[in-house]
There are 4 protein chains.
Amino acid sequence: MPTILGQNQYGKAENRVVKVIRDGDTHHIKDLNVSVALSGDMDDVHYSGSNTHVLPTDTTKNTVFAFAKEYGIESPEQFGIELARHFVNSQEPIGRARIRIEEYSWQRIPASAGGAASGGGAGEHRHSFVREGQEIRTAQVTFDGESVEVLGGLKELTVLNSTDSEFWGFLKDKYTTLREDYDRILATEVAAAWRYQWAGEGVPEPDWNESYAEARGHLLRAFAETYSLSLQQTLYQMGVRVIENRPEIDEIRFSMPNKHHFRVDLEPFGLKNEAADGAVYYAADRPYGLIEGTVLRDGAEARIPVDLTAP
Amino acid sequence: MPTILGQNQYGKAENRVVKVIRDGDTHHIKDLNVSVALSGDMDDVHYSGSNTHVLPTDTTKNTVFAFAKEYGIESPEQFGIELARHFVNSQEPIGRARIRIEEYSWQRIPASAGGAASGGGAGEHRHSFVREGQEIRTAQVTFDGESVEVLGGLKELTVLNSTDSEFWGFLKDKYTTLREDYDRILATEVAAAWRYQWAGEGVPEPDWNESYAEARGHLLRAFAETYSLSLQQTLYQMGVRVIENRPEIDEIRFSMPNKHHFRVDLEPFGLKNEAADGAVYYAADRPYGLIEGTVLRDGAEARIPVDLTAP
Amino acid sequence: MPTILGQNQYGKAENRVVKVIRDGDTHHIKDLNVSVALSGDMDDVHYSGSNTHVLPTDTTKNTVFAFAKEYGIESPEQFGIELARHFVNSQEPIGRARIRIEEYSWQRIPASAGGAASGGGAGEHRHSFVREGQEIRTAQVTFDGESVEVLGGLKELTVLNSTDSEFWGFLKDKYTTLREDYDRILATEVAAAWRYQWAGEGVPEPDWNESYAEARGHLLRAFAETYSLSLQQTLYQMGVRVIENRPEIDEIRFSMPNKHHFRVDLEPFGLKNEAADGAVYYAADRPYGLIEGTVLRDGAEARIPVDLTAP
Amino acid sequence: MPTILGQNQYGKAENRVVKVIRDGDTHHIKDLNVSVALSGDMDDVHYSGSNTHVLPTDTTKNTVFAFAKEYGIESPEQFGIELARHFVNSQEPIGRARIRIEEYSWQRIPASAGGAASGGGAGEHRHSFVREGQEIRTAQVTFDGESVEVLGGLKELTVLNSTDSEFWGFLKDKYTTLREDYDRILATEVAAAWRYQWAGEGVPEPDWNESYAEARGHLLRAFAETYSLSLQQTLYQMGVRVIENRPEIDEIRFSMPNKHHFRVDLEPFGLKNEAADGAVYYAADRPYGLIEGTVLRDGAEARIPVDLTAP
């Protein structure tokens, strides 16, 4: 045969599972989007269409919903581990499972200042929620029968510094027209994925939710607190902050578009528009700078693929 | 001529204007998307292509940016009024201007618990921001040379009650298979537009920002506090709450998709999945119920078009 | 009661129905997105949550699928008429039904030059299809128990003239910086809705599919053949062409964004970039000019709402 | 330093460049979206914010537009090669350039049957175009100073077989409820990337446009002509067809969502809905099966990353 089969995987993508947990009148919700990708001994189905090694994608969907009931959802990472282990351990032909999860966040609706909340309660409604936050929490769990790789992350976290950003001293060639800027807006939409050291070998799992919340906080504060001479510098500082403060994380990769805010030229209308006085900007869509990079704990192996967080 | 020209309008849509105001180290930002639509004595440009009555859409764009500098942006409503009056009052052929605005909300990035914020400050960074909230504030201002019509509103406000919703006692015909439900999830993505009484005739303007915040709060709480027998009932209660509590608002129109959460049948896997115990749901995309309606102050005229808030 | 209920409607939106018709080995497909909106005697469901007048949106969904089987889909207009009449005629409380339909177009996959197609055939495969065409055909049918209103239309039809477009002689004010242009690209994404005379009163129906194909052809050719001094002029000519050539159509409304293609200034790099020599353009996203307008048969009533075709 | 920098790259993404070439009255257009990613000796900009090795992303944008004028656009592959070589060869710190390009296709607007086209011509307008085809042609060119890697491809090519597809004989576990199907719709949205043998070493370049057109044709016909027992089988046959017929292509990777069309159960309404008679289907959005895989010429190295074509 002049052609051969290379890497392949299959599964059901984007299973939208919502779990409600009731603690009396107080409800908790988890809202996930779960994608399953399985691989293994799959030559036959490609060569001849024989499905004897194929667990239907529909079954992987059913498993997601059933596991949400049976085992609960404490975090996307824990839920992904449960699912990945199940597929590999329960079916001989499946050698590897990769689970990707998005989590959407909900907050309780505040009760009115003076009034009693529905179901009573301290200032917020017990089973009423509003989607809050732009960003989406992400996780990817891969199990190959031996070790587990867990990536945490987030995307669509949009941040902006209205000062403390400069850009100058750059290379110039015959196509360079950009002027140096000593006070610009720096805005980006952070996509980040970080890899946990934990690989499943009898070591206790990290507290995934705490780790996520802390990493997110470090990213936000590092963005705010870095006086930036380039978006690359800010990206690196964001990575450093996570690696230095979270020993359970070994590697982090970013994809950060430079969401350009161009100061508008208002001189034709007799108006000054200086950054120092508070200025008016045009928020551009395309094109945009795109800065991507990995920050690693010294000695750690780089394993997050280049395009994992790409837009 | 066997054909004639009907209603027409033109302008520059989606001008993305960001304004930074500096109060020492503390910055404030306004982030708007402004669309201009002008109409008036425009027969010639349609019939012959003569542009003598046409202010270029490029000029309307420049005006948006220049006005942001000259007059500032206190609220989308005030900014829209400024722009609408300018176009009609400054150009003879323009008889009517409609300004549509979206506002995106930003929050300050919290400083770390113990640490000092960049630029100092009580727990938050002074010029670092994160996009928060799913919803988008909207406004539409129309000026015809005499009176101003102001619509406030919001869209993409996603809310969910995990209980206190039923649906039964409905009409049945030969195509009806739906079972009655006595405990379901009720979720929707609220789009609402409300019309202010104020029409510009020497009466003081409402406090647009306070009015928006209050209307939004009433919508959220009415959603949470209505024990719902149908999404229509919830919609109406949301409208009533705004009309009764905000005397400056005469009319409100909603477009609310029923974001179906179907309880998953887990019986084939030997699992019970009862709402009463906390259940697992499948969040569906399409099709979706779509409930639209207007609530009016008694005696007020209905003027918000049917499709204004449609998805 | 200080508040009252205004216009309201409800139904199932975006029912994605695909119908396959088999003519031996040759298959035909219809691919629609159908949205139902019903209104009538619906006070109770809003005031008290009583659903005794409410046909569930789920039933309207079932009806769409069942009607696709029972009555077939010859055109979106005919299918919409069938559905609208059914809802109003079969349920006392329903006084009005509005059906909106999108149709997606598929072409047969060509067979290889020399080879036999699957299932044989003259140059194309008999039951294999590829989505072709950017544009989406639209229809809206409204029935109020007496007369039927039918709107045909399309959206996302993207067209471009690389010359034969000018823009000059426009109004200038202090915010005008635009330079006149004597040879520019004119590009737009046409959304159009046209209203048929036919209202159901025993008069034979137009051939909806032929009428659609002809109207689409006229729009394309009028765009191509109009030497344009403004996008408004082009819009009007497109409308005139349809009204003059299609006696069954009385009114047409357009929403046409001016998809700006800006000639890039390459002088800093020692390059001329004149339109006359073939130029390089930057295709901008936002902001964009937006031109909207109605063209009517003289004597016809203007009934298409301003925002029907809005983006 | 406890942290180190890993893989990183930067550049201007999504430069929307349109080039018009005039051949008398007959115009030709090329419409591309070009993204530049550069890497090399970039430690300093990450560690200290020094931009001395950083060619601004704005300069990379200018280069795209200037090169479109200077060197023309014959194909996305050729244009990408030109750009990639330029960045690496002209700037010492840049060791590697990766250019990603999308191309949008336009067709001439047909002239009316009897009438003369604008500018005359055989049945079509000479400088008037309409966007046609759903799919987007893609290319990725990477140059590291020594060899060039060229990937061609496409995405959003949506295809459907209304029969000749079965799915049965699959693995069953306790979560399996799917029934076997002997006549189903098979629909997918093909994303494919293929790698050319050509690496720039003095060997003549393939005819990129012919190669693209031929590969696209093989994909379509292989989809149509494969009697399918699984989407994996169809995917593999599509790859085989390209590898066997196009000696210049060594490797191809696919990402193909199974766009489920579920036969609607119409029995509750007394209607049969059998595939054999032509049936009514519900086109589902999410979740969807997702099938991904690589097909290789025997002996070729697998180099296309797993996620390159992922949705």
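So that the names make sense, note that chain A is the first sequence line, chain B the second, and so on, each numbered from 1. Being a predicted model, the structure only gives us computed values, none of them experimental. These numbers come from the heavy atoms of this one structure, side chains and all, not from hydrogens, waters or symmetry mates.
Both the backbone and the side chain of L160(A) come within contact range of chain B, each with at least one heavy atom under 4.5 Å from a heavy atom of that chain. When heavy atoms are compared at a cutoff of 4.5 Å, L220(A) approaches chain B by way of both its backbone and its side chain. Proximity to chain A is limited to the side chain of I185(B), based on heavy atoms less than 4.5 angstrom apart. Both the backbone and the side chain of F129(A) have a heavy atom closer than 4.5 Å to some heavy atom of chain B. Residue K30(A): no heavy atom, backbone or side chain, is found under 4.5 Å from chain B. Looking at F223(A), the atoms closer than 4.5 Å to chain B (heavy atoms on both sides) all sit in the side chain, from C-beta outward. With a 4.5 Å cut-off on non-hydrogen atoms, L157(A) touches chain B through its side chain but not through its backbone. In this structure, chain B has no heavy atom under 4.5 Å from any part of I73(A). Neither the backbone nor the side chain of A187(A) comes within contact range of chain B; no heavy atoms are under 4.5 Å apart. Looking at F269(B), the atoms closer than 4.5 Å to chain A (heavy atoms on both sides) all sit in the side chain, from C-beta outward. Contact annotation for V17(A): both backbone and side-chain heavy atoms come within less than 4.5 Å of a heavy atom of chain B.
Residues T163(B) and R22(A) meet the side-chain proximity criterion, which asks for heavy atoms closer than 4.5 Å. Residues H261(B) and V20(A) are not in side-chain contact: their nearest non-hydrogen atoms beyond the backbone lie 4.5 Å or more apart.
Top candidate by heavy-atom pairs under 4.5 Å with chain B, chosen from D285(A), N62(A), N15(A), N33(A), is N62(A). Taking chain A as the reference chain and counting heavy-atom pairs below 4.5 Å, the highest number among A276(B), A283(B), S162(B) is found for S162(B). Among the candidates V18(A), N273(A), V159(A), the residue making the largest number of heavy-atom pairs closer than 4.5 Å to chain B is V18(A). Ranked by heavy-atom pairs under 4.5 Å with chain A, the first of P268(B), G278(B), A284(B) is G278(B). Across A279(A), A66(A), A68(A), P110(A), the residue that shares the most heavy-atom pairs under 4.5 angstrom with chain B is A279(A).
Each of E103(A), K19(A), R16(A) was scored for a side chain to side chain contact (heavy atoms under 4.5 Å, CB included) with D31(A), with one residue passing: R16(A).
One finds no salt bridge joining E156(B) and R131(A) here, because no Lys/Arg side-chain nitrogen approaches an Asp/Glu carboxylate oxygen to under 4.0 Å.
For H260(A) (side chain) and G289(A) (main-chain N/O), a donor-acceptor pair under 3.5 Å exists by modelled atom type. A side-chain donor-acceptor contact under 3.5 Å links S35(B) to the backbone of E14(B).
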Test side chain to side chain contact (heavy atoms under 4.5 Å, CB included) on T158(B) and Y104(A) and set out the steps.
CA-CA 11 Å; T158(B) 306; Y104(A) 312 112; over 6 Å; no

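Note on ring orientation: taking the six-membered ring where Trp is involved, the planes of H27(B) and H127(B) are tilted (angle from 30° to 60°).
Taking all atoms of both residues into account, the shortest heavy-atom contact from Y288(B) to N258(B) is CB-O, 3.6 Å. The two residues T234(A) and S228(A) have their closest heavy-atom pair at OG1-OG, 2.9 Å.
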